[in-house]
K.L.:
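Submitted below is the structure of interest, expressed as structure tokens.
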Amino acid sequence: MFADIKQDHLWVSAENYDTSMNLNPIYSFIFQAMHDDEHYRTGSDFSLEGEIATYNATAKRAPSLNVQKILYSESVLRNAAYIVLGAAPISKIVFP
């Protein structure tokens, strides 16, 4: 992915993006594209540590605490749950 971005190859397919929250699929696609771009900008991988680094960078630009919580739930908590469960969990927005 990083090599493609460096070469301005920004085409991506929407067929693998999570639509389990019953949102308009384009919103999930846009969120994922922005999230992946943040991985590129921060130079972080897709490990839990990389997801935390990506979240921290994105959260600095988030307009509210509620948006930050949604970002944390979708990028950090889902990744942590995947590590524990061994499979992707059902999407749920978590507000601690």
K.L.:
Can you check whether Gln68 reaches Leu65 side chain to side chain, under 4.5 Å on heavy atoms?
P.N.:
yes
K.L.:
Given side-chain contact (heavy atoms from CB on, under 4.5 Å), test Thr54 with Val76 step by step and report yes or no.
P.N.:
CA-CA 9 Å; Thr54 299; Val76 176; over 6 Å; no
K.L.:
Would you sort out whether Asp36 and Phe46 count as a side-chain contact (heavy atoms from CB on, under 4.5 Å), showing the intermediate values?
P.N.:
CA-CA 9 Å; Asp36 290 350; Phe46 293 88; 3.8 Å; yes
K.L.:
Does Tyr55 belong to the same Ile/Leu/Val/Met/Phe/Trp/Tyr cluster as Ile83, with side-chain heavy atoms less than 4.5 Å apart forming each link?
P.N.:
yes
K.L.:
Please name the pair of heavy atoms, one in Ser44 and one in Gly50, separated by the smallest distance, quoted to 0.1 Å.
P.N.:
OG-O, 3.4 Å
K.L.:
Can you tell me how far apart CE (Met34) and CZ (Arg41) are? Round to the nearest 0.5 Å.
P.N.:
10.0 Å
K.L.:
Would you call Glu38 and Arg61 a salt bridge, using N to O less than 4.0 angstrom?
P.N.:
yes
K.L.:
Give the C-alpha distance, both sets of side-chain angles, the deciding distance and a yes or no for side-chain contact (heavy atoms from CB on, under 4.5 Å) between Phe31 and Leu71.
P.N.:
CA-CA 10 Å; Phe31 171 78; Leu71 293 170; 3.3 Å; yes
K.L.:
Nearest 0.5 Å please: distance from the CD atom of Glu74 over to the CG atom of Asn79.
P.N.:
11.5 Å
K.L.:
Starting at OG of Ser75, measure out to CD1 of Ile70 and round the result to the nearest 0.5 Å.
P.N.:
11.5 Å
K.L.:
Do Tyr82 and Ile52 belong to the same hydrophobic cluster, where Ile, Leu, Val, Met, Phe, Trp and Tyr are linked whenever their side-chain heavy atoms lie under 4.5 Å apart, directly or via other members?
P.N.:
no
K.L.:
How far apart are the closest heavy atoms of Thr42 and Ala57, and which atoms are they?
P.N.:
CG2-CB, 3.6 Å
K.L.:
Between the side chains of Asn66 and Ser64, does any donor sit under 3.5 Å from an acceptor?
P.N.:
no
K.L.:
With a 4.5 Å limit on heavy-atom distance, are the side chains of Arg78 and Glu51 in contact?
P.N.:
no
